[in-house]
*Asks:* 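First the structure, which I've put down as structure tokens, then a few questions once you've had a look.
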Amino acid sequence: MTYTNSKEQDDKMTRKQLRSYICSIQIIYQVIHHISTTVSAADAHNLLEEYAPSIPQLIHKWHSTLSINNDITSTTTASNNNDDDNNAQQKEVLPGDEIILLAIQRLHYDYNYHHSFSSQKDTTYLLLYAASLLEGAIHHSPYNPQLKIAAIQTYATLHAPSRSLELYDDLGIKHIQLDSCAYLILPTLLHGGLYAEAVQLCASIINLHSTTSKDVGNYAAKSYENGLFTKTKEMMEFQCCNMNCSLTLLQAKGVIMDCAALIYSGDDSTHKKKGASSLSPFSSSVLPLGAKHGICGGDYDLERATKMIHDSYNFFSAPSIMTIASSSSTTTSTTKDDYSDNRDSTIYDFEILHHSTSPRNQDKEQQPNYYITTKEEIIQDSLLRGHAHNLLVRATLILSVAKPPKKGKVTKPDSILLSRCESLLQSVQNANLFASASCDGSNEDNNESNQGKKKEKKEEQMIQLNMWNSMIGLCRIIAVLTIGEEDVKNNGDSNSNNATDAKTAT
């Protein structure tokens, strides 16, 4: 009995000392992060090396906590005979996990620092170091979500999307969490070429919103019947202000439209491999692009384009991004306020020294690490996708019924062809306004210290704008060759000279 009491007291004292040790490092990290905005990066890095424990010291301290954790786990497990209590105990995080999280932040900080000042030096070993530490920590503490979130970041920076996806699956994100936490993995899937997985994730997001819309309507009606007006109002406000205007939903629609032609949804012969990711389908054969979806210049383009137009009026379908884009000619503050950013940034609250939720530095060489896409970037990219597919679908509809010129003269168009050309030209006008406004509206930083970054950003915007001008010019040429230049002008295409468009397109 005396031995047991003494052991418990020693454990409490050890945990208290560990807590003080972790807190002191967190304070140092917070101070360094705060002063890094006022001193040079080199000075901040020198202060960190002088006052904060080194990585080997942190690892040694973490190893010393494993024996404490094992003692605590075995003692608690022995005292609990109930299976539910044992399961609850197994899912607890270990006290030493925070030391690993502090070490990972330090490694990411050093990676960014050395990458910025010595771009010729290979600093990948720092990320590999971080990945190995996280794998070891997850092995000892498999139910700590923060370790897995940090690992997802690390593997994303290492361009290892498959492992990031496995860790994301282990988090067990489902239901409403898809809307708030899908941003953890979606950019990694796209950058890593896992388009099928990205489409399945986005389809799950859209399905969540469609189901929620029906459920909220039913629950609100029942609440109203029972005289619970306040509860009815809360549910309707949640649906209208948070779900229908979800930023994640908007992004999911655009991603599906872009990636549809790159994936094969599977057939009766499709089988899943044992232990495969819930987002990873395996097909028995590899089919060409556009085998099931998308417009790729094949025999099914007209059928698919027609279906996309019909589906664009269904809010809970991916093609509705085309209708949304048609009503948005600029990315003004009003447009930004129309969407609700439901992403849960609190899951990164463990970060102190290295912040994933910080806005991306426009100079990619100065910040090569994992970052969270801003609300403005998501809106702009999604609406650009909507405008691009508006042009693609409408051009496909025209080419399906267009007749070639005879003896150098345009064949007289019928009412269907005139209507489709008018629709294409209207989409051209909307896309032109949006692309121009998107590039012009992001050059408002007057800080002289950012002139170099502004110049690089402007060059990127000019490349993007030139690509849009080429696409828009090609669509105008299609209209001119189909119904004639005079009819194109009569149908509202007064933005530019067609000869100029032809030069731009070529």
*Asks:* Might you work through the side-chain contact (heavy atoms from CB on, under 4.5 Å) test for R476 and N432, ending with a clear yes or no?
*Replies:* CA-CA 12 Å; R476 289 197 179 109; N432 188 40; 4.2 Å; yes
*Asks:* Got V199 and L262 here, is their nearest side-chain heavy-atom distance under 4.5 Å?
*Replies:*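 No, every pair of side-chain atoms sits at 4.5 Å or beyond.
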*Asks:* Should L134 and I104 count as side-chain neighbours, where that means a heavy-atom distance under 4.5 Å?
*Replies:*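 A side-chain contact under 4.5 Å exists here.
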*Asks:* Would S427 and N430 satisfy side chain to side chain donor-acceptor pair (under 3.5 Å), going step by step from the backbone distance to the final call?
*Replies:* CA-CA 5 Å; S427 297; N430 293 337; 5.4 Å; no
*Asks:* Can you check whether I295's main-chain N or O pairs, donor with acceptor, with R304's side chain at less than 3.5 Å?
*Replies:*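 Answer holds: no.
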*Asks:* Of all heavy-atom pairs between A261 and G294, which one has the smallest distance, and what is that distance?
*Replies:*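 Answer, listing the atom of A261 first, then G294: CB-CA, 3.9 Å.
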*Asks:* Nearest heavy-atom pair of L194 and P161: which atoms, and what distance?
*Replies:*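 Taking every non-hydrogen atom into account, CD1-CB, 3.8 Å.
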*Asks:* Stepwise, does the ring pair (Phe, Tyr, Trp, His ring centres under 6.0 Å) test hold for H33 with H355?
*Replies:* CA-CA 9 Å; H33 175 71; H355 288 264; 4.4 Å; yes
*Asks:* Looking at F315, I'd like to know if the NZ or CZ of K253 sits under 6.0 Å from its six-membered ring centre while staying within 45 degrees of the ring's axis.
*Replies:*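 Yes, K253 and F315 form such a contact.
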*Asks:* What heavy-atom pair brings I472 and A431 nearest, and what distance separates the two atoms?
*Replies:*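 Minimum heavy-atom separation between I472 and A431: CD1-C, 4.1 Å.
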*Asks:* Compare every heavy atom of R394 with every heavy atom of S423, then report the nearest pair and how far apart it is.
*Replies:*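 The answer is OG-NE, 2.7 Å.
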*Asks:* With distance as the sole test, does R420 use its side chain to make a donor-acceptor pair with the main-chain N or O of L397 at under 3.5 Å?
*Replies:*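 Yes, R420 side chain to L397 backbone: donor-acceptor pair under 3.5 Å.
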*Asks:* Under the side-chain contact (heavy atoms from CB on, under 4.5 Å) criterion, do I149 and F350 qualify, and how do the steps go?
*Replies:* CA-CA 10 Å; I149 291 171; F350 65 90; 4.3 Å; yes
*Asks:* With no hydrogens and no angle check, is any side-chain donor or acceptor of T154 less than 3.5 Å from a backbone partner on A150?
*Replies:*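 It does hold such a pair.
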*Asks:* In the structure I gave you, are the side-chain heavy atoms of I173 and L184 within less than 4.5 Å of one another anywhere?
*Replies:*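 Yes, their side chains come closer than 4.5 Å.
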*Asks:* Would a 4.5 Å heavy-atom cut-off, applied to side chains only, mark Q200 and E197 as touching?
*Replies:*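 Side chain of Q200 against side chain of E197, heavy atoms only: no contact under 4.5 Å found.
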*Asks:* Under 6.0 Å from the NZ atom of K375, do we count more than 12 heavy atoms belonging to anything else shown?
*Replies:*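 Yes - once you tally the heavy atoms of other residues, nucleotides and ligands closer than 6.0 Å, there are more than 12.
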*Asks:* Would you check if S340 and L247 make a side-chain contact, meaning some heavy-atom pair closer than 4.5 Å?
*Replies:*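 A side-chain contact under 4.5 Å is absent here.
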*Asks:* CD1/I379 to CG/L384 distance, rounded to the nearest 0.5 angstrom?
*Replies:*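 The CG atom of L384 is 12.0 Å from CD1 of I379, to the nearest 0.5 Å.
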*Asks:* So that I know where these two stand, are H387 and F434 an aromatic pair - ring centroids less than 6.0 Å apart?
*Replies:*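 Yes, they do, as the ring centres are separated by less than 6.0 Å.
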*Asks:* Using modelled atom types and a 3.5 Å cut-off, is there a donor and acceptor pairing between side-chain atoms of N207 and backbone atoms of A203?
*Replies:*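 Between the backbone of A203 and the side chain of N207 there is no qualifying donor-acceptor contact (under 3.5 Å).
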*Asks:* Kindly compute the distance separating CG (L399) from CG (D301), expressed to the nearest 0.5 Å.
*Replies:*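 CG of D301 is found 9.5 Å from CG of L399.
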*Asks:* Is the backbone N or O of T323 less than 3.5 Å from a side-chain atom of S312, with the two atoms forming a donor-acceptor pair by type?
*Replies:*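 The answer is no, because no donor-acceptor pair under 3.5 Å joins these two groups.
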*Asks:* Could you check whether the rings of H45 and H114 sit parallel, tilted or perpendicular, using 30° and 60° as the cut-offs?
*Replies:*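 The rings of H45 and H114 stand perpendicular, inter-plane angle above 60°.
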*Asks:* Within a radius of less than 6.0 Å around CD1 of I35, do more than 12 heavy atoms belonging to other residues, nucleotides or ligands occur?
*Replies:*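 For I35, atom CD1 is crowded (more than 12 foreign heavy atoms under 6.0 Å).
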*Asks:* If you define the side chain from C-beta out and look only at heavy atoms, does anything of V393 sit under 4.5 Å from T396?
*Replies:*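 Not in contact.
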*Asks:* Between T37 and H34, is there a donor-acceptor pair closer than 3.5 Å when you use the side chain of the first and the backbone of the second?
*Replies:*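 Judged by distance alone, yes, a pair lies under 3.5 Å.
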*Asks:* Please assess R106 against Y29 for the test side-chain contact (heavy atoms from CB on, under 4.5 Å), listing each intermediate value before the final yes or no.
*Replies:* CA-CA 9 Å; R106 175 68 180 273; Y29 280 11; 3.4 Å; yes
*Asks:* Check the side chains of D258 and H389 for a donor-acceptor pair under 3.5 angstrom, ignoring hydrogens and angles.
*Replies:*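 Present: a donor and an acceptor within the cut-off.
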*Asks:* Taking all heavy atoms of L383 and all of A325, pick out the closest pair and write down the distance.
*Replies:*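 For L383 and A325, the tightest heavy-atom pair comes out as O-CB, 3.7 Å.
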*Asks:* Could you go through R343 and S180, starting from their C-alpha distance and side-chain angles, then the distance that decides it, and tell me whether this counts as side chain to side chain donor-acceptor pair (under 3.5 Å)?
*Replies:* CA-CA 4 Å; R343 294 176 295 175; S180 59; over 6 Å; no
*Asks:* For the backbone of A42 and the side chain of N46, can you confirm whether one donor and one acceptor N or O come within less than 3.5 Å of each other?
*Replies:*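 A pair under 3.5 Å: yes.
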*Asks:* With side-chain contact (heavy atoms from CB on, under 4.5 Å) as the test, would you mind laying out the steps for M243 and S213 before giving the verdict?
*Replies:* CA-CA 8 Å; M243 298 301 285; S213 177; over 6 Å; no
*Asks:* Quick one: pull up CD1 in I256 and SG in C259 and give me the separation to the nearest 0.5 Å.
*Replies:*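 If we round to the nearest 0.5 Å, I256:CD1 and C259:SG are 9.0 Å apart.
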*Asks:* Grab the two heavy atoms, one from A402 and one from T482, that are nearest each other, plus how far apart they are.
*Replies:*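 Distance-wise, the nearest heavy atoms are CB-CG2, 3.9 Å.
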*Asks:* Side chains of L126 and Y113: does their closest heavy-atom pair fall under 4.5 Å?
*Replies:*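 L126 does not reach Y113 side chain to side chain.
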*Asks:* Can you check whether L208's main-chain N or O pairs, donor with acceptor, with T211's side chain at less than 3.5 Å?
*Replies:*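 No, the answer is negative, given that no donor and acceptor are paired below the 3.5 Å cut-off.
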*Asks:* Report yes or no: do S320 and N314 form a side-chain donor-acceptor pair below 3.5 Å?
*Replies:*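 No - no donor-acceptor pair under 3.5 Å links their side chains.
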*Asks:* Treating S317 as the side-chain partner and D311 as the backbone partner, does any N or O pair qualify as donor plus acceptor under 3.5 Å?
*Replies:*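 Indeed, once roles are kept as given, a pair shorter than 3.5 Å links the two residues.
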*Asks:* Measure the OG1-OH distance between T248 and Y183 for me, rounded to the nearest 0.5 Å.
*Replies:*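 OH of Y183 is found 9.5 Å from OG1 of T248.
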*Asks:* With rounding to the nearest 0.5 angstrom, report the CE to CG distance, M308 to N390.
*Replies:*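 The CE atom of M308 sits 11.5 Å away from the CG atom of N390.
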*Asks:* Side chain to side chain donor-acceptor pair (under 3.5 Å) for D179 and S246? Distances and angles first, verdict last.
*Replies:* CA-CA 8 Å; D179 194 57; S246 170; 2.7 Å; yes
*Asks:* Under 3.5 Å, is there a donor on one side chain and an acceptor on the other for E377 and T374?
*Replies:*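 Yes - a donor-acceptor pair under 3.5 Å links their side chains.
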*Asks:* Can you tell me how far CG of L127 sits from CD of Q153, rounded to the nearest 0.5 angstrom?
*Replies:*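 Q153 CD to L127 CG: 11.0 Å, rounded to 0.5 Å.
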*Asks:* Could you check whether Q239 and E234, counting side-chain N and O atoms only, form a donor-acceptor pair closer than 3.5 Å?
*Replies:*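 No pair is found: no donor N or O on one side chain lies under 3.5 Å from an acceptor on the other.
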*Asks:* Kindly say whether L353 contributes a backbone atom to a donor-acceptor pair with the side chain of Q105 at under 3.5 angstrom?
*Replies:*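 Present.
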*Asks:* When K233 is tested against each of M236, E237, K231 for side chain to side chain contact (heavy atoms under 4.5 Å, CB included), which residue passes?
*Replies:*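 Only one of M236, E237, K231 forms a side chain to side chain contact (heavy atoms under 4.5 Å, CB included) with K233, namely E237.
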*Asks:* Does the side chain of T212 come under 3.5 Å of the side chain of D215 through a donor N or O and an acceptor N or O?
*Replies:*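 There is no such pair (donor and acceptor under 3.5 Å, judged by atom type) between the side chains of T212 and D215.
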*Asks:* What I'd like to find out is whether the side chain of Y168 reaches to under 4.5 Å of the side chain of L201, using heavy atoms alone.
*Replies:*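 When only atoms from C-beta onward are counted, L201 and Y168 do touch, with a gap below 4.5 Å.
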